[in-house]
Chemist: 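Here's a structure for you.
We're numbering straight along the sequence, starting at 1.
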Amino acid sequence: MSLQEKYRGFVPEDLTPWHMWDQRFQRKDTFASILKPDDIPADLVPTKVTGDGNCLFNSASINLVGNEDLSVILRLLTAAELYLHANFYANHPRYNQPDMTMSEASKLMVSLSVDISNGRDRLVALRQQAMSTCKNKQWAGLVEMMALSTVTRNTVYSVYPNASPAMRPLFHGLIEPRIAQDASCSSICYIMWS
């Protein structure tokens with residue numbers, strides 16, 4: 001039994017994004033609302049999450065179940081996904097987006113959340129990133145968002161503000177799970193960088 005199969009029981013089977021904003025339980029993120037790009041559905045409300053280094057996983061948990069309770073298990077499953085499938089994430093389809101002016105090495109380096117001493121070896125860099133992802137309150141980057149899509153079995157829409165034209169093509173758009181899902185089952189989980 002793989003690590004992911006062993007811990008899958010901690011994650012609800014149906015993780016359909018919970019697109020209902022409820023002011024009784026969530027706080028609107030006013031700053032993120034100002035940064036929200038026009039190509040994102042108007043009815044989606046940027047929501048504040050605990051800003052403790054677990055922001056990506058807190059955001060995903062709120063998006064999926066309405067609170068931050070799943071953030072730790074999502075972090076650990078994401079780390080396992082990155083480590084076990086480093087080759088896929090080192091060559092993720094997102095890196096082939098049109099209008100990218102960055103080099104291949106630069107695309108990988110900006111998608112990681114920590115400085116990697118061996119940036120020339122993509123697999124080593126991804127495995128080091130996966131180990132770093134295991135640490136609670138360690139900031140997560142785009143590569144974790146890529147793996148999180150597979151962990152949650154949902155398409156993630158990485159929402160990047162209308163800023164930095166060189167970075168936006170990489171950081172703004174759909175991220176599909178590594179394992180193709182039945183189109184009727186996959187929902188979109190919007191997560192905004194702010």
Chemist: If you look at every heavy atom in I188 and Y190, which pair is closest and at what distance?
Modeler: CG2-CE1, 3.5 Å
Chemist: So, taking the atom named CG in N136 and the one named CG in L76, what distance separates them when rounded to the nearest 0.5 Å?
Modeler: 8.5 Å
Chemist: Taking all atoms of both residues into account, what is the closest heavy-atom pair of L112 and L126, and its distance?
Modeler: CD2-CD2, 4.5 Å
Chemist: First locate atom CG of L35, then atom OG of S194, and finally report the distance between them rounded to the nearest 0.5 Å.
Modeler: 6.5 Å
Chemist: Distance-only, no hydrogens or angles: does the S158 side chain make a donor-acceptor pair with backbone N or O of G173 under 3.5 Å?
Modeler: no
Chemist: Go through M146 and L82 one step at a time and tell me if the side-chain contact (heavy atoms from CB on, under 4.5 Å) criterion holds.
Modeler: CA-CA 9 Å; M146 294 169 177; L82 278 176; over 6 Å; no
Chemist: How long is the span from the OG atom in S111 to the CG atom in L142, to the nearest 0.5 Å?
Modeler: 5.5 Å
Chemist: Assess the pair H85 and Y89: is the distance between their ring centroids shorter than 6.0 Å?
Modeler: no
Chemist: So, the side chain of R168 versus the backbone of Y160: is there a donor-acceptor pair under 3.5 Å, distance only?
Modeler: yes
Chemist: Indicate yes or no: does R94 engage E176 in a salt bridge with an N to O separation below 4.0 Å.
Modeler: no
Chemist: Quick check: does any side chain N or O of S149 sit under 3.5 Å from a backbone N or O of N154, one acting as donor and the other as acceptor?
Modeler: yes
Chemist: I'd like to know if the side chain of S71 and the backbone of F57 have a donor-acceptor N/O pair within less than 3.5 Å.
Modeler: no
Chemist: Which value, rounded to the nearest 0.5 Å, describes the distance between L74 atom CG and N58 atom CG?
Modeler: 9.5 Å
Chemist: Report yes if the side chains of W193 and S59 come closer than 4.5 Å at any heavy-atom pair, otherwise no.
Modeler: no
Chemist: Taking all non-hydrogen atoms of both residues, which atom of M192 and which atom of P37 are closest, and how far apart?
Modeler: CE-CD, 4.3 Å
Chemist: Please report the C-alpha distance between T133 and E144 in whole Å, then the side-chain angles of each, then the deciding distance to 0.1 Å, and finally whether the side chain to side chain donor-acceptor pair (under 3.5 Å) criterion is met.
Modeler: CA-CA 8 Å; T133 302; E144 282 90 356; 2.7 Å; yes
Chemist: Evaluate the side-chain proximity of R75 to L56: yes if any heavy-atom separation is below 4.5 Å, no if none is.
Modeler: no
Chemist: Distance check, rounded to the nearest 0.5 Å: L148 atom CG versus N63 atom CG?
Modeler: 9.5 Å
Chemist: Whether R127 engages the ring of Y83 as a cation-pi pair (distance to the six-membered ring centre under 6.0 angstrom, angle to the ring normal within 45°) should be assessed.
Modeler: yes
Chemist: To the closest 0.5 Å, what do you measure between CZ (R153) and CG (L64)?
Modeler: 10.0 Å
Chemist: Taking all heavy atoms of C55 and all of G51, pick out the closest pair and write down the distance.
Modeler: SG-CA, 3.7 Å
Chemist: Just by modelled atom types, is the L44 backbone N or O under 3.5 Å from a matching donor or acceptor in the K36 side chain?
Modeler: yes
Chemist: Under the criterion side-chain contact (heavy atoms from CB on, under 4.5 Å), I'd like the reasoning laid out for Y157 against T155: C-alpha separation, chi angles, the key distance, then a yes or no.
Modeler: CA-CA 7 Å; Y157 198 112; T155 299; 6.0 Å; no
Chemist: Other residues, nucleotides and ligands only: do more than 12 of their heavy atoms fall within 6.0 Å of CZ on F171?
Modeler: yes
Chemist: Kindly say whether T50 contributes a backbone atom to a donor-acceptor pair with the side chain of E68 at under 3.5 angstrom?
Modeler: yes
Chemist: If you look at every heavy atom in E81 and R178, which pair is closest and at what distance?
Modeler: OE2-NE, 2.6 Å
Chemist: Carefully, step by step, assess D39 and H172 under the rule side chain to side chain donor-acceptor pair (under 3.5 Å).
Modeler: CA-CA 10 Å; D39 61 344; H172 185 76; 2.8 Å; yes
Chemist: Looking at D52, is its backbone amide N or carbonyl O close enough to the side chain of K137 to form a donor-acceptor pair, meaning the two atoms are under 3.5 Å apart?
Modeler: no
